[in-house]
Each structure stands twice: as structure tokens, then as C-alpha cells.
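Notes follow once the structure below has been shown.
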Amino acid sequence: MLYVDLLAGAVSIVALEFFLRIAIKRAPEESARDSPQGFRYAMRDLSRQLELFTATEPHPFLQYTRPRTLLVGGDQRYGFSSIKLSDVPKPAGVVRIACIGGSATEGGYPELLEAFLNAALPARRFQVLDFAVDGWASVHSMLNFILNVREFHPDFVVVGDELRGAGCSGYPCCCRGRVHDYTPLAYRDNPLDEWMLRASWIYRACKILLVRSRIEAFDRDGREIQQYRRNIETICTLAALDKIQVILLTAATTNHDSIKAVNETIRATAKARVALLDLEQTDDRIAAERIGKMIAGMHPGARAE
Amino acid sequence: MNSMFLVALLILTAVVSYPEIYDLIAGLESMLPKPEARMRLAQSIGALAAAFLLWLRRDWFLQGSFPYRALMASLGIVWLELVLRLFFKWIAPLFGSASAIGKWEHSLRQYCSTMGEMSWMDPRPHPFLQFTAVRWTSRGERGLGFGNITVSRIPKPTGVVRVACLGNSTTFDNYPERLEDFLNRCGGGLRFEILNFGTGWWASVHTMLNFVLNVRDFHPDFVVVHENCNDEKFRGYAGLRGDYAHAIRPLRLWRYRDAWLYRFSLIYRLGIILVSKQFPRVYYFPHIGVAMNRGKTPDYIPGELQLFRRNIATICDLAAAEGIKVIIPTMPFSKLHRYTQFDETRFHPHLLGANAVLRELSNEKAVALVELERMFMDKDSFFRDGFHLDEVGVGIKALEIGKTILCSLGIDPVLDAQWREVELSKPPVDPAP
């Protein structure tokens, strides 16, 4: 009888684990995003953090990037989806576009943008470099622009930072050094129970329910938006000096107050000095086409064709 | 041994083991008290409890019994520890720092921290600046990692001219404090506030990013950018990248399981030194540096100086956009004091090359230059080491930078007696080549 009870218990746990995974996986994306203090949001967020640990490498000045693996022949992955160290020198006759941002940019529209531009204007060669990293906020993008992007001498930089700039706010202090929000990424600081967090969603759920204080609602006071604005303005200032044309994108998701505020900030910044593309409620393909058309209109060489 | 004497000895042990008393008479640990304070309190309470027990039950502690032997052994260790500490705290310094005993004392003090040779700086990892000093929090106040610079100091008081000093150990060396003194004494009645953002080991990339992230928040009227020497550390690495990830890695603090023991026990610390013969908690490698990759070669390329140029130019550009005036001193250095056998072939050419970049940028960006390299060239008596000035040199540096700030404000400095003396100690400037 004891064996039967044990077996029934084990099957129950496996079944609960299975159903919990299905329930969380199939939960509507928007509803999870709408309630940052909600349980489903916390479960997804924890999954994302665990993924970040495995797919990223700590960086001394950018917190983390994608792995910067050494390649044969002295080349190196630069820490972004498909950029290598050997890509730094700009090939002659190429129009180079750097896309910076977070999850909404990485692996999304940049590839489609390159395909669109090269198809639409076959006489010119367009190269689109995807400098975005999932989880990055405007502070990462700004520092990455200062340290890396400028070294690639792009003709255009498309800034698609929207969500995290506001999403990471709500911490006390609010200094621009951003240490109130972010800690250095260090593998040694991985939780001891990482294997358990990965293996069992029941364990993950218990941990979230027990450590409820970590997922309280954000308490924003507007200063975070000021910081966001300053990060974008810094990119615009330096880009102007390097004769790089800037295109600011608004966020495609607008059913969140803080994102609406960010979009307003982007519009206000763009009004003063750079091009703006309102991307509200569009998908990657439409975004790529609209950005492509804008670039085609802005680039003197492209216009001539 | 007479039990009354033993009780008295235990009570004395309890008194001297009280953490604050112990620290006063035998403390050899730098920084804030850590677990050793609690352990010392436990030692004090333990001694008191043993004295009480001995007083009540003398028959438990008959000579030759196990409790008696255990008590005597414990007391022996506690007093051996205390005597050693008293020796190294009060007597060893009398032998001088160059003597063997002086060196032991220095090592023992370093060994009290996991940061070892870097304990004077006590760096903390930072997500975007690699590291800063301790970013403390106390009574609702928050330090930004630069001494007494706090978040609450961000709003600029009215009527104050604010000067931010940026750089590495050559800024951390107290010249900003001397500069504040000079400006407030000789600045024609204006009120000046100096913020010292200097952090030991930082290079131009750290300083530039700190300007972008923190310094601009303080809305300084002037920013003094004193960089050059530490950029040499990042030269000679393969795979040059704009973000320096080819040479620099994130700083990680390693947690040593015996940290509590080596802060608590000097005997244990001596044991580590004797067994390992070198500092076992290594953060600083003389040929690598703090939190840097391996693989440095003697092959320096001009592209590395381009990054130095980019960093300083970025500060100048962003400062100009915000109406902040930039002052760039060149880096003085001594050819007599040496760090390595390669100083003549690598370090000095780097310093000269980077100073030349600063002069070019001064012309290009129309920012003020303070020519310290030429002023101190071949004046080795003003240096503590390869590029750190001594107290007189630091005073002269503060004076020269201060005069440039006042000149920029259209103020003719009126030197008081103290600063006239500094002016007189200035070496004659060699004419520009």
C-alpha cells in the first residue's frame, strides 16, 4: 500500500507540474504584462531571468551582452546576435544601419529591414547591424552606442528602446548611475537552487508566493522618464556630432501607462532634433517596411536611385 | 594554579575581549567591524561565564582534569593572540616600514581584508562602471561610491560654483580638497564646491562613463578631467574593441569561507602568510591589474590611443552641450621612479602620446589645458612614485588648476600667505619643445 501511495503522490506532482507549465505557457501575453505584480507575470519574469543567465556573458560596462566567443582566425563574436569583430571596418559603398534597443528589437525587425532595403533598392547595399539585447534598457543602449556602435560608423541608428526604460523604475534613490536598479551580472551570484528553479515550476511558484515582496507594484514618480529622456538625448547629441542620422521608434504596445509616457517622451525628443516613426500597434514586418521606407527617403544616395 | 587568580584572569579576559576595548588596544583590522566583533563579544561572554562557573564549581576544575586543561589551552590561545596583536600594533611600527618586522605588520593589516592590496580602495562591482568605492547607505542617505558624494547632494546650492574632479588615483590623491581650499581662499569671495569623483585604478573609459551616468546630474560648472596613466594598462591586448571587453572583465568579489577567521585571529593570518608565502586572496596581479584579462603583450598599437582620444572627446562634447567648462591637465610623470623594466620603452611613450592627444583635443574642442607634464618634467623630487605627486606637488597641481578656473571666470586670484608659499615652490617651467 505504501508503494501505491508513493506512486500516486509522484504522479500527482508530475501532473501538477505539467498543468502548471501549460497554464503559464498558454496564459495570454498581454494579461501577464498588464499586471507586473501578478503571479503569472512573476513566473514568466523568473523564466526570463534564468534564460538570461545561460545566454549572456557579463560585461564590465554594459552589465551583460550575448556571449563574446572567440572564433578561428582571431575573430570574435561582438556580443550581439550576428555581429563579429571583423565587421567593424565599414565596407566601401555600403549604407550601414545600426539598430539598438531591447527585446522588441533583438532578432525582430532588423533582419527584415535589411531584406526589405536590399530588395527595394537593389543598386545599393544595405547592412543592418542588430545591436539589441533582450532585457536591455535605454541606459544599456546609450552606453553601447557610446562604446561600440560609433566604432562601426553607421549612417543611421534606429533607437527602439521603450519598455525597460520605464519598466525598471520604481526603486528607491533613482540615481542616474542606475545602481539602484541594476546589479552586476555575476555567475557566482547564481542562486544555489537554480537547478531546482529550472526543473520544477511548482518550486518556482512556491518561491514566488513565499517571496511576495519582490514583485510589488512599481512606485514611479516621473524621474525615471527624465532619465530615459536623457539617455535618448545623449545618443542624439553624439550621433549628430558623428553625422549619424537618428530614427526614434515609439513602442508598439501602448496599453500601459508608463509606455504611453515613454512614447510621449520619444515624440517630444524627436520633435526637437531627429526623425520619428510612430510604430504603435504594428508587427515586425510592418515595422521593417516603414523604417525601410523612411531610410530610403532620408539617405541622399538612396533617394537619388 | 590558584583558582582565585584564574577567576581574575578570566574576568580580565572578558573585559579586554569586549569588542570596542579590544579594537582600541589590539585592533589591526581596517574598515568597519565585521563578524569578528560578534565573535569577540562571544569570547568576552564566554570568559565571564567560565569565571562564574569556576567560582561556583571549583571541584570541576581540579588540576589535571579535562575542563582545567581545556580552560588553560583556551586562555593560552586568547592571550597569545592578544600579545601578538599588541606587539604588531604598538611595537612593530617603531622598527620602521622598511624593516622586516614593519613589512610583516603591513602584510598582516592587508590580510585582514579579502581585497588584500586593494583594501585601501575597497572596490565594489558596478553594473556600468566596472567598480566604484563602497556605495554605502545610512539613515536614508545613499553614497554614490565616491566618498562623501551622496544622492542628496545632487541639487546644486544657489550661488555656488561647482567643480567636478574626474580621474583615477592622481585625482583621489587629495588635490581636489586642496583645490577647494585655494578657490575659497583666493577666489574673490565666490563660494566653490569641489566634488571628488576620482577612483583609484580607473582609466579614461571609466571616467567618461561616470561623466555620462553620474557627474552630469550634479550640474557642475567645471569638470577637471585628469586621465592618462591607467590607459596604458589596457594596451597590448589582441582584439581591440570600443568597449574594452578585450582587456577588462567585470570585477567579482570572491567570498572566502574563512573571512570571519582571518579577521578574528591574527595567529591564523600569520599561519596563512607562513604557509602560502604570498597573498592568497588575490585581486591585484602586478602584471595584469584589477579585474583584467590575461594576454597583455608588448605590442601597443595607435588604435588604442584613439580610444583614449574618443573618451576624452566624448566628455568634451557632452559637457559643451550642457554648458559645462572642461579643464584638461596633462599627466606629469617621473622618469626616475620606475614601475617595471619596460617603463622607458612602453610606459613613458604612452604617457607622452596620451598627453599629446590631450593637447590636440584642447585645441580642437577649445577647452583649457593645464600643462603639468612640462612643469614637472625632470623634477623627480616632487614625485612619490612614477606619476603620483608628493604633498608639495599636489599643492602645485591644485594651484595651477585653480588659477585656470579663476581665469576662466575672469577672476584675478589674490594669493594668501599659504598659497604664496605654494606658488614659490613651483618648479620653473621648461619652454615648450
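All chains are named by letter (A, B, ...) in the order of the sequence lines, taking the proteins before the strands, and each is independently numbered beginning at 1.
Partners of B:N311 by side-chain hydrogen bond (donor to acceptor under 3.5 Å, both in side chains), not counting sequence neighbours, listed by chain and number: B:S204, B:Y244. Residues satisfying the side-chain contact (heavy atoms from CB on, under 4.5 Å) criterion with B:I301, sequence neighbours excluded, are B:L240, B:E304.
With B:R241 contributing its side chain and A:Y78 its backbone, the two residues share a donor-acceptor pair below 3.5 Å. Not one N or O on the side chain of B:D243 forms a donor-acceptor pair closer than 3.5 Å with the backbone of A:N148.
Contacts between A:L62 and chain B at a heavy-atom distance below 4.5 Å involve backbone atoms as well as side-chain atoms. In this structure, chain B has no heavy atom under 4.5 Å from any part of A:F152.
Residues of residues 233-240 of chain A lying under 4.5 angstrom from chain B, judged on non-hydrogen atoms, are A:T234, A:T237, A:L238 in numerical order. Residues of residues 320-327 of chain B having a heavy atom under 4.5 Å from any heavy atom of chain A, listed by number: B:A321, B:E322.
Chain A forms the most heavy-atom pairs under 4.5 Å with one residue out of B:H206, B:H246, B:Q306, and that residue is B:H206.
Ionic pairing of A:E151 and B:R310 is present here: one or more N-O contacts between side-chain nitrogen and carboxylate oxygen are shorter than 4.0 angstrom.
Put simply, the residue from A:Q63, A:H140, A:H59 that forms a side-chain contact (heavy atoms from CB on, under 4.5 Å) with B:P127 is A:Q63.
Taking each heavy atom of A:F61 and B:V205 in turn, the nearest pair found is CZ-CG1, 3.7 Å.
Under a cut-off of 6.0 angstrom, the local environment of CZ in B:R359 is crowded, with over 12 non-hydrogen atoms contributed by other residues, nucleotides or ligands.
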